[in-house]
Amino acid sequence: MCGIVGCVAKENCYERIYAALSRLEYRGYDSAGIAMLQEGAGFHLRKKRGYVSNLKGRPLAGEAGIGHTRWATHGKPTDANAHPHGCGKFMLVHNGIIENYLSLKEELCAQGEQFASETDSEVIVKLISRAYTGDFFSAVRTACRRLRGSYAIAVLCSDHPGEVIGARQGSPLVAGASDTALYICSDIPALCGDADYICPASDGEFICIRDGKIQFFDEAGSELCKCFTRVLPESRAETSVSGTFMEKEIAQIPRAIADTLQGVSSLDYAPCARALRAAKCVYAVACGTAFHAALVFGDVVQNTVGAHVVCTVSSEFRYANLPIGVGDLVVAVSQSGETADTLEAVRLAAKRGAFVIAVTNIAHSTLAALADFSIVMRAGPEIAVAATKSYNCQLVCLYYLAAQMQYFRTQAYPVWFLSLRDLPAAAEAAFDCFPQMSALAAKWKDARGMLFLGRSLDLRTAAEGALKTKEIAYVFAEGYAAGELKHGTLALIEEGFPVVALSTRRDIASKTENALAESKARGAQVVLLSQSEESLNESCADFRIRLPNLPECLMPAVAVIPLQYFACRLCLLRGYDPDKPRNLAKSVTVE
Ligand code: F6R
């Protein structure tokens, strides 16, 4: 969470930082700030609560600068808590959480320091300032040695115009270069259009921009030899679109699925063949939407391959005391590849000797670097905070992985394997449901709560539909097992209560029908999504929505699309911005 950028450029330095911050805004938008260092004139600072656009105005002068867009952790979203934070000759921006900041703050207060913000970050700039004896890099290194927790920082020093120093421990940081500017930044797409070459830093490394070049150093201060790679066009994110990013990203789903299919089918799975064939136990870890994809993977592997998959949300993985070890397989799913909880789960799994497969959208992510084998989906940049196309693409990767697992075990692909190629067209066909979903959103615009019901794989889709509805439309929603309703939750149903039901498995359709009949009998308004018109009794739903027809195990990849769209419409009709839901950020790099 939080996005940071540092830039050295003779021309338009402020504008470049502003442009990068606008692209980093998905990481947090509680406040934003830019500090410029102008030779002979010192610092110029602009920081404000709210969106990056609040920093518009006459560009601040300077040849070096740092910028920040904040997702608040320590201290409310106020102007005072906005970064950059300053102390003496230094200005700093920080992404991450300093876990020992309270004891450091006490120590610094005892030495007479006064704090202008409630943030954990301000201790870092104070430590740097106190460690400074003329050597900028050495002061940053000395301060970093005192920090516990996670950080990516960018620092300016007024004695060293034209220099920016960055450090990374647990939060992402990359260096970027073009003919006219040198950067450090939280991610690659934010440097779109302005950095042709990039190089990610690893934990414990420092990036120094000085004398017109970028150098990497390790914790001991020794220079590292690193390779820069050319930025691929796919990494370049767009900044402005007509309509919202979320609408645009939903519209991109068929293309993203097709691109991802092409990517996964041209991958060589030999390096993970042994793990897929012989894993003693398979674990799937992820958070939020990615966890719903992991659950689908678990169901599909169980049904297709017959292997049991333990699916655990990443934040619980470390505390579940799982008997994980050598010979086990861990599949970690993460769009960003930077989710702190998932990274910690993977570190633990790797330490215990398990083989780790990453499914991520970002080839240069920390997750990809930690994993033994990576499957990189080709969803393209996803800017809206709520995951949409990345979910569909995660499913494509995971279906492919399940099929490979079956192949390595039996020398035969599952019966649904060839139908994967029908997914892009089926996703497009799911758009036919949009007018009905739009009408439904208008009808339920003022609802205070909703239930999404399903069984088996439909339960995963229901959970994802409910999560989207909660996170962007701020309507309480629950994805619930249809059969569980009668064990308590049915008490919530009253006249007009909205219920969205999914029924894509013909063999258990009549069971779902029971739950819908029970809901309707209590006054619920029931909308039913199914690929077959006949599968359910007419009387158990008020509206029916026809889904495209695919093998049942592939249905989650398309059945979710009308629900993603519904949540987006509901959000817009209720007057909210689907791209920037309150309290959230796209990349959750804190535990
Ligand atoms: C919901 C959403 C989140 C993410 C979760 C994991 O729409 O986007 O629930 O899915 O924070 O993020 P990644 O996939 O980047 O690990």
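Atoms within a ligand are numbered from 1 in the order they appear, just like the ligands themselves.
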S.K.: Only heavy atoms of K468, strictly under 4.0 Å: list the atoms of ligand 1 that pass.
M.R.: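 Numbered from 1, ligand 1 contributes 1 (C), 7 (O).
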S.K.: Which of the numbered atoms in ligand 1 are under 4.0 angstrom from any heavy atom belonging to G288?
M.R.: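 Once the distances to G288 are compared, the set is 9 (O).
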S.K.: Would you mind writing out the side-chain donor-acceptor pairs for residues 470-478 within the sub-3.5 Å range, not counting sequence neighbours?
M.R.:
residue	atom	partner	partner atom	Å
K470	NZ	A477	O	3.3
Y474	OH	R582	N	2.8

S.K.: Below 4.0 angstrom from a heavy atom of V385, which ligand 1 atoms are there? Numbered from 1 as shown, please.
M.R.: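 Once the distances to V385 are compared, the set is 8 (O).
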S.K.: Using distance alone, decide if ligand 1 has a nitrogen or oxygen within less than 3.5 Å of any nitrogen or oxygen in S334.
M.R.: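 By distance alone, the answer is yes.
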S.K.: Tell me the protein heavy atom at minimum distance from atom 3 (C) of ligand 1, and give that distance in Å.
M.R.: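 Minimum-distance protein heavy atom for atom 3 (C) of ligand 1 reads T289 N, 4.0 Å.
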S.K.: Say you draw a straight line from CG of D30 to OG1 of T69; how long is it, rounded to the nearest 0.5 Å?
M.R.: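 Going from the CG atom of D30 to the OG1 atom of T69 covers 8.0 Å.
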S.K.: At under 4.0 Å between heavy atoms, which part of E471 makes contact with ligand 1: side chain, backbone, both or neither?
M.R.: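 It is the side chain that touches ligand 1; the backbone stays farther off.
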S.K.: Please check if the side chain of S265 supplies one atom and the backbone of Q262 the other of a donor-acceptor pair under 3.5 Å.
M.R.: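 A pair under 3.5 Å: yes.
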S.K.: Do any N/O atoms on T339 end up under 3.5 angstrom from N/O atoms on ligand 1?
M.R.: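 Yes, T339 has an N/O under 3.5 Å of an N/O on ligand 1.
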S.K.: Aromatic rings F317 and Y283: how do their planes relate, parallel, tilted or perpendicular, breaks at 30° and 60°?
M.R.: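 Perpendicular.
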S.K.: Between ligand 1 and A387, is the shortest N or O to N or O distance under 3.5 Å?
M.R.: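 Between A387 and ligand 1 (N or O atoms, distance only) the closest approach is under 3.5 Å.
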S.K.: State plainly whether the residues D299 and R460 are in salt-bridge range, i.e. N to O under 4.0 Å.
M.R.: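 So D299 pairs with R460 through a salt bridge.
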S.K.: Under the rule for salt bridge (charged side-chain N to carboxylate O under 4.0 Å, His left out), what residues qualify as partners of D203, not counting sequence neighbours?
M.R.: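 Residues passing salt bridge (charged side-chain N to carboxylate O under 4.0 Å, His left out) with D203: R168, R347.
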